[in-house]
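Heads up, the thing below is written out as structure tokens.
Everything quoted here is computed from the prediction, not taken from an experiment. Residue numbers start at 1 and run along the sequence shown. For ligands, and for the atoms within them, numbers begin at 1 and follow the listed sequence.
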Amino acid sequence: MNLLYNSTRNAEKKVTASEAILKGLADDGGLFVPEYIPKLDVTMEELKSMSYQETAYAVMKQFLTDFTEEELKHCINSAYDSKFDTEVIAPLVKVEDTYHLELFHGATIAFKDMALSILPHLLTTAAKKNDVTKEIVILTATSGDTGKAALAGFADVPGTKIIVFYPKGGVSRIQELQMVTQKGENTSVVAIHGNFDNAQSGVKEMFEDKELEKELAAAGYQFSSANSINIGRLVPQVVYYVYAYAKLLENEEITEGEELNVTVPTGNFGNILAAYYAKQMGVPIGKLICASNENKVLFDFFQTGVYDRNREFILTSSPSMDILISSNLERLIYTIAGQDAEKDAQLMAQLKDRGVYEITPEMREKLADFAGGYATEEECRDAIRTTYEKTGYVMDTHTAVAAAVCKKYRSDSGDARKCLVASTASPYKFIHSVMSAIDEKYAAADEFSLIDELSRISGTEVPRAIEEIRNAEIRHCLECDADCMKETVKEILRV
Ligand SMILES: *Cc1c(COP(=O)(O)O)cnc(C)c1O
């Protein structure tokens with residue numbers, strides 16, 4: 001029997017997994033959620049000896065039930081191949097008393113590759129299955145990493161076009177260079193004058209714009225999303241939590257059934273939600289520790305039950321977490337409301353109209369799996385420096401936020417369970433912030449000289465993704481105001 005999906009704002013209308021992937025966002029503006037979270041149907045003992053690809057199949061087949069074995073295996077094997085610089089795909093590194101799950105070994109050296117290297121395959125397979133004849137236009141808002149990973153995944157994929165919006169001045173220089181040098185006839189990159197939330201809201205509005213949908217259809221196009229609101233991004237992210245647990249077991253770092261805490265540097269709430277799904281599938285995960293930077297809207301939410309985006313948007317050294325509207329939280333809200341779509345829709349309307357909502361005491365009780373924490377810019381820098389000085393290991397700024405929060409949580413709570421930190425980006429990607437955290441003498445140096453210096457002091461190789469942009473030609477220079485995104489899309493598509 002197929003596992004079906006419904007919108008968080010309407011539980012009546014059900015679609016298959018492939019339909020949910022194609023649409024990205026539900027017509028009512030809600031996010032697609034599975035009717036229930038399936039349980040793993042393989043044992044930990046079996047998972048221990050599985051490769052990343054085998055684990056991916058074991059997990060994803062439970063969610064994407066209308067894909068055939070052949071289709072799904074083809075998607076998995078096309079995604080997790082030599083684009084990754086290690087056969088294990090997601091290596092575990094023990095740093096002091098914490099396990100770092102390195103999710104940055106793909107083509108664009110951020111964890112977005114874990115899902116975006118497979119999404120184009122899932123999407124084109126889904127299009128075939130559903131007899132879609134229109135060209136699919138991927139619209140994506142990015143805080144820096146999604147954009148490049150989506151561009152790399154969709155570049156020159158037949159039957160698709162991709163348009164990426166990023167906040168001008170809101171991403172690192174390396175992130176920007178990675179995007180504006182992107183090759184591929186079907187790729188467009190637009191810098192908007194605004195922040196990530198403006199970009200994300202603009203994209204969401206286009207999805208909900210029925211008029212635009214008609215105009216596009218007449219021109220032979222339909223929209224889909226590569227943002228983590230797409231269930232096709234969330235499901236592949238569940239895989240690495242299952243994989244990490246099984247590998248820790250295989251390496252005898254933990255014992256069977258031992259609970260493992262997980263700390264995730266969080267922005268749009270996709271990655272940590274995947275960990276929550278892994279827990280519900282049966283992986284013995286203890287606390288899910290949600291780490292924020294100074295944009296600590298989620299920390300405050302877990303503290304008080306009030307989600308309030310009415311605050312200053314702070315630009316930090318972990319730009320991929322500079323977010324005040326964490327889209328995927330809606331999926332958790334729906335769950336803790338007891339799958340009450342009406343309640344969810346009501347809270348999301350309040351968020352849209354007033355920028356704030358409060359959950360009920362009953363809903364708060366269901367958040368016991370989570371703990372919130374945040375790290376200031378200074379704590380983030382300290383974490384990078386002290387870890388480097390003690391161990392020689394260099395973390396990126398996002399991972400450092402999580403590492404700092406993990407440490408604070410441990411000492412504040414007395415919870416002695418072992419902890420996994422999701423390591424979401426290569427330090428090369430945020431080179432300037434990382435190197436100046438290690439030593440202020442680097443603050444004035446240029447990016448590419450620092451890259452060679454990082455390679456020297458850490459004894460790691462400069463990733464391919466960085467070498468590629470050293471001398472690459474700039475191919476994209478479009479800019480627009482945040483309220484002109486729709487016009488820009490129409491110009492690009494010539495409709
Ligand atoms: C996207 C991103 C995050 C935040 O992940 P979410 O799934 O949006 O919570 C954290 N770190 C890095 C490096 C990222 O690219």
Side-chain angles (χ1 to χ4, degrees), residues 31 100-116 119 140-152 164 166-167 170-172 174-175 178-179 196-197 199-200 225-231 233-238 240-241 262-278 288-293 295-299 301 316-332 370 372-375 380 384 395-405 421-431 433-434 463 465:
L31 276 61
H100 281 236
L101 178 61
E102 293 189 348
L103 302 170
F104 55 78
H105 288 269
T108 75
I109 57 176
F111 96 94
K112 303 296 194 294
D113 289 324
M114 302 304 296
L116 281 163
L119 184 69
T140 291
T142 185
S143 54
D145 289 331
T146 294
K148 177 61 186 184
L151 287 162
V164 168
Y166 73 93
V171 302
S172 85
I174 299 285
Q175 286 179 312
Q178 280 188 305
M179 288 189 278
F196 171 71
D197 287 328
Q200 177 158 266
S225 165
N227 277 103
S228 58
I229 50 176
N230 193 317
I231 197 78
R233 270 204 45 199
L234 204 52
V235 169
Q237 293 181 177
V238 179
Y240 46 77
Y241 291 107
V262 173
T263 309
V264 185
T266 298
N268 227 353
F269 210 76
N271 202 2
I272 194 165
L273 189 72
Y276 179 60
Y277 283 4
L288 298 148
I289 303 157
C290 174
S292 300
N293 65 21
N295 293 293
K296 59 183 184 58
V297 62
L298 286 165
F299 169 79
F301 171 71
T316 72
S317 59
S318 43
S320 300
M321 297 158 68
D322 289 347
I323 292 175
L324 294 180
I325 308 173
S326 297
S327 297
N328 271 296
L329 187 67
E330 181 170 350
R331 290 189 163 110
L332 181 64
F370 291 87
Y374 76 99
C380 169
I384 294 174
M395 295 184 282
D396 104 285
T397 45
H398 304 74
T399 308
V401 166
V405 166
V421 164
S423 177
T424 50
S426 158
Y428 286 93
K429 198 156 189 176
F430 301 94
I431 187 77
S433 305
V434 167

ask   = Roughly how far apart are Ser423 OG and His105 NE2, rounded to 0.5 Å?
value = 7.5 Å

Top protein contact for atom 11 (N) of ligand 1, by heavy-atom distance = Thr424 OG1, 2.9 Å

message = Counting only heavy atoms, tell me which of Gly144, Pro265, Ala110 gets closest to atom 10 (C) of ligand 1.
response = Pro265

key: Nearest-0.5 Å distance that lies between atom CG in Asn271 and atom NE2 in His398   = 12.0 Å

request  = State the atoms of ligand 1, each with its element, that fall below the 4.0 Å cut-off from a heavy-atom position in Ala425.
outcome  = 13 (C)

Side chain Lys429, main chain Thr108, donor-acceptor under 3.5 Å = yes

ask   = Nearest protein heavy-atom contact for atom 6 (P) of ligand 1: which residue, which atom, what distance?
value = Asn268 N, 3.5 Å

query = Relative to atom 7 (O) of ligand 1, which among Asn271, Asp145, Leu298 owns the nearest non-hydrogen atom?
reply = Asn271

note = For atom 9 (O) of ligand 1, the closest protein heavy atom turns out to be Gly267 N, 2.8 Å

query = Do any heavy atoms of Ser228 fall under 4.0 Å from ligand 1?
reply = no

ask   = Which atoms of ligand 1 are found less than 4.0 Å from any heavy atom of Thr266?
value = 9 (O)

query = Nearest 0.5 Å, what's the CZ-CG distance between Phe269 and Asn328?
reply = 8.5 Å

query = Just how far is it from atom CG of Leu103 to atom OG of Ser426, taken to the nearest 0.5 Å?
reply = 12.5 Å

note = Taking only non-hydrogen atoms of Phe269 and a 4.0 Å limit, the atoms of ligand 1 in range are 6 (P), 8 (O), 9 (O)

key: Centroid-centroid under 6.0 Å between Tyr276 and Phe370 rings   = yes

inquiry  = Within the 4.0 Å heavy-atom shell around Lys112, which atoms of ligand 1 are there?
reply    = 1 (C), 2 (C), 3 (C), 14 (C), 15 (O)

key: Any donor-acceptor pair under 3.5 Å from Asp145 side chain to Ala110 backbone   = no

query = Which of these, Asn227, Asn268, Thr140, sits in a side-chain hydrogen bond (donor to acceptor under 3.5 Å, both in side chains) with Gln200?
reply = Asn268

ask   = For ligand 1, which atoms, with element, lie under 4.0 Å from some heavy atom of Gly270?
value = 6 (P), 7 (O), 9 (O)

